Amino acid sequence: VSTARRNRDVRERCLQIHGVRCPICGFDFAATFSESFRKLIHAHHVTPFSECSEKRASDPVNDLRPVCLNCHAAIHSRRPAYSIEEVRDLYRKVD
């Protein structure tokens, strides 16, 4: 995957726009550990690279969403990948 498609500035813009709390489980590294861990959140590509018809830079508004490591693994635990909404619907909080 080219570096033009995985760009740190685009990732940072994604986090500025969408925040650093996982939209599936609500986990926030900074709130749980400290601000030093804020950037451990993953930037998930809503449309996988393999499905992109052209090579272009990712759009941080439409192409990327922050998700925690566990939820990101759950998204990619099947092919085709689950959507964020599907994993959110499957997610159950333990009381």
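Since the structure is predicted, the reported quantities are computational estimates derived from the model, not experimental observations. Counting begins at 1 with the first residue of the sequence.
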Output for pair (His42 NE2, His76 NE2), nearest 0.5 Å, gives 10.0 Å
Which heavy atom in Thr32 sits nearest to a heavy atom in Phe27, and how many Å separate them?
-> OG1-CE1, 3.4 Å
Nearest 0.5 Å, what's the OG-CG distance between Ser77 and Leu90?
-> 9.0 Å
For the atom pair CD1 (Ile17) and CG (Leu64), what is the distance rounded to the nearest 0.5 Å?
-> 9.0 Å
Which residue, His18, Arg21, Arg88, His44, forms the side-chain contact (heavy atoms from CB on, under 4.5 Å) with Val67?
-> His44
Are there more than 12 heavy atoms of other residues, nucleotides or ligands under 6.0 Å from atom CG of Asn70?
-> no
Nearest heavy atoms of Leu15 and Pro66, plus distance in Å | CD2-CB, 3.8 Å
Stepwise side chain to side chain contact (heavy atoms under 4.5 Å, CB included) check, Arg8 with Arg13 | CA-CA 9 Å; Arg8 289 179 193 217; Arg13 186 75 181 120; over 6 Å; no
Is Arg79 atom CZ crowded by more than 12 heavy atoms from other residues, nucleotides or ligands, each under 6.0 Å away?
-> no
With rounding to the nearest 0.5 Å, note down the distance linking SG in Cys22 to CG in Leu69.
-> 9.5 Å
Minimum side-chain heavy-atom gap Ile24-Val87 below 4.5 Å = yes
Can you tell me how far SG of Cys14 sits from CG of Asn7, rounded to the nearest 0.5 angstrom?
-> 12.0 Å
At what distance, to the nearest 0.5 angstrom, does CZ of Arg11 lie from CD1 of Ile41?
-> 8.5 Å
Measure across Ala74 and Tyr82 and return the closest heavy-atom pair with its distance rounded to 0.1 Å.
-> O-CD1, 3.3 Å
So, Arg38 and Glu12, do they make that salt bridge, N to O below 4.0 Å?
-> yes
Do Val46 and Asn62 come close enough that some side-chain heavy atom pair is under 4.5 Å?
-> no
Between Arg65 and Val61, is there a donor-acceptor pair closer than 3.5 Å when you use the side chain of the first and the backbone of the second?
-> yes
Once the angle between the rings of Phe33 and Phe37 is folded into 0 to 90°, is it parallel (under 30°), tilted (30 to 60°) or perpendicular (over 60°)?
-> tilted
